[in-house]
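The block underneath contains the structure these notes are about, expressed in structure tokens.
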2 protein chains.
Amino acid sequence: MTRPVHRVAPATDTPVRQESLRAHNLSLTFRQIVGAAAPISRIELAVATGLTRPTISRIVDDLLAGGLIIEAGPARSGNSGRPRVGLTLAATGPAGLGLDIRVDTLSACVVDLTGAVRHLAFAPRPKTAAEALASLAEMGRAAMAAAAAEHLTVVGTTLAVPGPVEDGSIVRFAPVLGWRDVDAGAALRPALGPVTVDNDASLAALGELYASAPALRDFVCVSGEFDIGAGLVLGGALLRGARGWGGSLGHVAVDSDGPPCACGATGCLQHYAGLQQILPGAAPMPYSPAVAIDDLASAGNPEVLAALDRAGSALGVALSALINIIDVDTVLLGGSYSLLASWLIESVERELSRRVLTSGWAPVSVRPAPLGPDAAVMGAALSAIDQVRQDPNSWLARA
Amino acid sequence: MTRPVHRVAPATDTPVRQESLRAHNLSLTFRQIVGAAAPISRIELAVATGLTRPTISRIVDDLLAGGLIIEAGPARSGNSGRPRVGLTLAATGPAGLGLDIRVDTLSACVVDLTGAVRHLAFAPRPKTAAEALASLAEMGRAAMAAAAAEHLTVVGTTLAVPGPVEDGSIVRFAPVLGWRDVDAGAALRPALGPVTVDNDASLAALGELYASAPALRDFVCVSGEFDIGAGLVLGGALLRGARGWGGSLGHVAVDSDGPPCACGATGCLQHYAGLQQILPGAAPMPYSPAVAIDDLASAGNPEVLAALDRAGSALGVALSALINIIDVDTVLLGGSYSLLASWLIESVERELSRRVLTSGWAPVSVRPAPLGPDAAVMGAALSAIDQVRQDPNSWLARA
DNA sequence: AGGTTACGTCAACGTCTGTAACAAATTTGC
DNA sequence: GCAAATTTGTTACAGACGTTGACGTAACCT
């Protein structure tokens with residue numbers, strides 16, 4: 001099985017010719033512009049990249065001609081002399097389209113090169129997979145039209161789904177949707193062109209990564225409405241399992257002798273920290289349960305407060321297992337948990353400090369995820385546009 | 001904190017000039033020779049790399065001149081025409097030195113470019129850290145002398161220790177050795193030059209990776225005498241946590257309400273699957289307990305058999321957590337567990353098939369680790385020589 | 001107005017790979 | 001037994017790229 005590749009480095013097992021040389025240096029220069037906090041001048045690019053002024057000039061010309069960057073007016077550097085010309089990412093040109101399917105909401109999102117959200121739409125999820133995919137296709141087309149109206153061209157589309165994905169296209173199973181073996185990529189292709197399908201927890205983590213860059217490099221993003229997933233970012237790169245089927249935090253055993261789970265195992269985290277367990281009777285309807293739980297907890301409801309404490313402890317146990325195996329320094333509580341973070345952080349941190357072997361030397365920070373419940377759809381859009389950000393040559397070759 | 005880098009790809013944030021181009025293609029070509037099962041000809045290299053015959057010729061000339069490869073006599077290809085000249089890795093030239101500290105054994109190992117073990121020595125471990133390090137320095141010098149006698153030059157030294165390592169040098173704590181805050185890298189430097197210190201579980205996994213290449217790409221290698229560690233390899237690359245402090249499988253919670261552990265938590269895997277738990281009263285003396293346990297199990301001792309079943313189940317629970325988070329398709333039982341694998345595999349597999357969410361689609365194979373208890377010292381030596389295998393330019397620049 | 005800094009352009013140079021022709025070594029065919 | 005065919009490896013030349021250094025222009029400051 002192949003899986004979508006989110007690579008930063010150019011392939012290392014490919015011969016390089018002279019033109020790859022130019023492509024590499026162009027990509028390097030462009031990434032400097034992407035990573036710069038403010039408009040950056042040619043001189044600064046030359047210093048930052050180690051290339052010479054003439055080379056930078058040529059590269060900048062190509063980037064300007066391709067519409068990837070714009071000259072953003074004089075940007076003063078220091079004291080005297082000709083002012084530097086600031087270069088910034090263009091707000092027109094390539095864009096990424098993200099789609100997301102949650103328990104009862106579909107969403108679509110367009111982001112431009114700068115990472116700004118240019119379009120965001122929601123719709124209720126129809127019952128069947130076919131209807132939901134048709135609806136997503138319609139939302140995607142509308143988003144593309146809205147993008148075109150702002151001189152944006154969608155260069156890549158990613159769909160987030162709550163379940164493991166095979167070959168970047170086939171949803172093997174998504175219990176909360178009632179899906180099994182749905183080839184979502186093939187279904188959307190006629191309307192939207194090639195669509196990469198990926199796990200929502202992974203994409204949410206990518207969303208938090210891109211949105212926070214370059215502050216966060218190593219973290220795990222807990223993500224979940226009813227299924228609890230974990231997206232793992234290490235060294236600024238999303239970590240996928242061998243077959244892309246990782247991230248099932250909800251089925252990590254918290255107590256191997258615990259109660260049975262629908263998955264066939266016993267004592268799964270899902271049973272302690274799932275929204276249904278915190279608020280029994282909560283039907284699958286996203287965020288309303290989280291909001292309801294938040295309200296009850298704020299009102300001091302003792303049962304809900306106790307359930308939240310249990311949930312946080314169980315999350316802490318599962319996260320301790322994760323961090324003992326792959327140490328990260330930050331835990332982001334995302335999805336519905338971002339709304340409940342204030343009720344969970346204390347008990348999560350308590351278990352982490354007890355159970356993480358190196359917590360004495362290297363404390364783990366637990367925080368709500370900045371992007372919250374919409375991280376997945378934004379991460380989907382960002383991961384689509386990120387291909388251009390990492391390799392602008394593909395866009396230049398196209399134009 | 002920085003950590004040792006095991007990188008395959010050349011830095012992506014560096015400008016490339018013409019000479020980097022040559023360096024890249026040389027490295028690419030050399031890796032093809034490394035990965036080839038049999039001697040490979042220039043023309044085969046051209047096809048494999050995508051470079052042209054003249055370019056390959058130049059690169060091969062450089063590699064021959066640098067002593068990294070040799071012409072291994074005519075190797076017939078097919079029918080007619082000039083015969084191909086086989087090229088193989090030289091058995092002289094650069095070599096890697098590995099050192100290992102276990103509970104009561106020190107070991108040293110030299111491997112050449114081909115991955116062949118050219119020198120392997122053992123010694124008992126002295127009590128104190130200072131004595132042990134002095135002893136290791138002596139073993140290292142002897143190994144270097146033995147290497148020199150066979151026209152080998154040690155280009156890198158790696159030390160494996162049973163505990164988390166900071167900055168590639170400082171052993172924060174190693175309970176089974178009674179070490180705390182020992183700067184092993186600095187202690188060995190005067191005698192051996194720069195030494196990279198690394199975790200033994202990680203190095204054992206690297207050893208299994210290099211020894212099995214290219215068969216295994218994604219696996220976890222359980223490694224342990226008394227501490228249970230996990231080395232994780234994904235996509236042919238060793239996975240380290242953000243701060244290099246991962247791999248503590250022994251302190252993953254199997255039952256969060258279980259008995260207290262020395263680490264301060266409760267229900268750690270260590271308590272169920274540690275050698276002391278399988279054979280109560282087993283003093284820390286490596287492999288003798290494993291051998292003793294194996295003997296008792298073979299004799300049908302019911303208590304030991306029951307303990308082995310409990311240990312396997314607990315291992316299965318912890319590994320299920322790992323695989324649910326980061327899916328790998330293979331589990332290697334290494335260290336002492338390689339000797340007990342036949343008693344453990346069944347119960348480990350039972351728990352995996354129950355608890356791994358995707359086990360129905362993607363079964364996980366559990367096997368004894370081929371290199372067994374010596375994987376760490378061999379992995380240490382291999383990781384040292386692997387720097388040359390990945391980037392032969394460093395050796396050529398030196399010579 | 002003169003000094004200062006940023007930027008573009010040009011030519012010469014060195015290095016690399018690719019293309020194309022050439023030399024070497026073996027098998028095949030008569 | 002000897003020449004042609006075939007495959008492998010090497011040499012010669014052309015094209016592409018970045019670097020160096022120099023010159024010219026533009027835009028700000030004192």
Side-chain angles (χ1 to χ4, degrees), chain A residues 10 14-30 32-33 38-65 69-88 393 396-397, chain B residues 10 14-30 32-33 39-65 69-87 393 396-397:
Chain A
T14 303
V16 291
R17 326 191 186 310
Q18 278 83 346
E19 66 177 25
S20 346
L21 214 164
R22 167 68 151 275
H24 175 105
N25 285 338
L26 186 139
S27 166
L28 172 67
T29 304
F30 186 66
Q32 285 290 337
I33 300 173
I40 186 169
S41 76
R42 292 170 174 81
I43 290 268
E44 291 170 300
L45 283 173
V47 172
T49 59
L51 294 164
T52 59
R53 272 67 54 101
T55 305
I56 291 290
S57 269
R58 287 186 64 139
I59 289 172
V60 166
D61 282 349
D62 286 357
L63 291 172
L64 284 169
I69 61 174
I70 54 170
E71 293 194 331
R76 281 271 4 104
S77 53
N79 16 22
S80 66
R82 176 176 173 175
R84 300 175 178 176
V85 177
L87 301 168
T88 325
N393 295 287
L396 295 180
Chain B
T14 301
V16 291
R17 325 192 186 308
Q18 279 82 345
E19 66 178 23
S20 348
L21 216 164
R22 167 68 150 273
H24 175 105
N25 285 338
L26 186 140
S27 167
L28 172 68
T29 305
F30 186 65
Q32 285 291 337
I33 301 173
I40 187 169
S41 74
R42 290 170 176 82
I43 201 136
E44 291 169 299
L45 285 172
V47 172
T49 59
L51 294 164
T52 59
R53 273 64 57 99
T55 304
I56 291 292
S57 269
R58 289 189 64 138
I59 290 172
V60 166
D61 282 348
D62 287 357
L63 291 173
L64 284 169
I69 61 174
I70 54 171
E71 294 194 330
R76 279 279 356 108
S77 54
N79 15 23
S80 71
R82 176 175 174 173
R84 300 174 178 177
V85 178
L87 301 168
N393 296 286
L396 295 180

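Keep in mind it's a predicted model, so treat the numbers as computed, not measured. These numbers come from the heavy atoms of this one structure, side chains and all, not from hydrogens, waters or symmetry mates. Each chain gets a letter, A, B and so on, in the order the sequences are listed, and its residues count up from 1.
- With sequence neighbours excluded, no residue satisfies salt bridge (charged side-chain N to carboxylate O under 4.0 Å, His left out) with R17(A).
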Report, one pair per line, the protein and nucleotides 19-23 of chain D atoms (nitrogen or oxygen only) whose separation is under 3.5 Å.
from	atom 1	to	atom 2	distance (Å)
dT19(D)	OP1	R17(B)	NH1	2.9
dT19(D)	OP2	T52(A)	N	3.4
dT19(D)	OP2	T52(A)	OG1	2.8
dT19(D)	OP2	T55(A)	OG1	2.5

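- Contact of the L87(A) side chain with the I70(A) side chain is not registered, since no non-hydrogen atoms from C-beta on lie closer than 4.5 Å.
- Distance E19(A) CD to dT15(C) P: 22 Å, rounded to the nearest Å.
- For the atom pair CG (L26(A)) and CD1 (I59(A)), the distance works out to 5.5 Å, reported to the nearest 0.5 Å.
- There is a side-chain donor-acceptor pair under 3.5 Å between S41(A) and E44(A).
- Within the structure, every side-chain polar atom (N or O) of R84(A) is placed at least 4.0 Å from both OP1 and OP2 of dA27(D).
- Between S57(B) and dG9(D), a side-chain N or O to OP1/OP2 separation shorter than 4.0 Å is absent.
- Rounded to an integer number of Å, the gap from NE2 of H24(A) to C1' of dA16(D) is 17 Å.
- Here dA25(C) presents its P atom at 16 Å from CD1 of I43(B), a figure rounded to the nearest Å.
- A straight line from CZ of R22(A) to C1' of dG15(D) spans 14 Å, rounded to a whole angstrom.
- Within the 3.5 Å criterion, the main-chain N or O of A23(A) finds a donor-acceptor partner in the side chain of N393(A).
- H24(B) contributes a side-chain N or O that, together with a main-chain N or O of T14(A), makes up a donor-acceptor pair within less than 3.5 Å.
- Residue N25(B) places at least one side-chain N or O under 4.0 Å from the OP1 or OP2 atom of dT17(C).
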Under 3.5 Å, which N/O atoms of the protein pair with N/O atoms of nucleotides 2-4 of chain C?
none

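- Here the C1' atom of nucleotide dT7(D) and the CZ atom of R42(B) are 14 Å apart, to the nearest Å.
- If you take CD1 of I40(A) and P of dC7(C), they are 11 Å apart, rounded to a whole angstrom.
- Residues satisfying the salt bridge (charged side-chain N to carboxylate O under 4.0 Å, His left out) test with R58(B), not counting sequence neighbours, are none.
- Atom-to-atom, CZ of R58(B) to P of dT11(D) comes out at 11 Å; the value is rounded to the nearest Å.
- For T55(B), the side-chain hydrogen bond (donor to acceptor under 3.5 Å, both in side chains) partners at least two apart in sequence or on another chain are T52(B).
- Nucleotide dA6(C) holds its C1' atom 13 Å from the CG atom of L45(A), rounded to whole Å.
- Taking the salt bridge (charged side-chain N to carboxylate O under 4.0 Å, His left out) definition, one finds that E71(B) meets it with R42(B), sequence neighbours left out.
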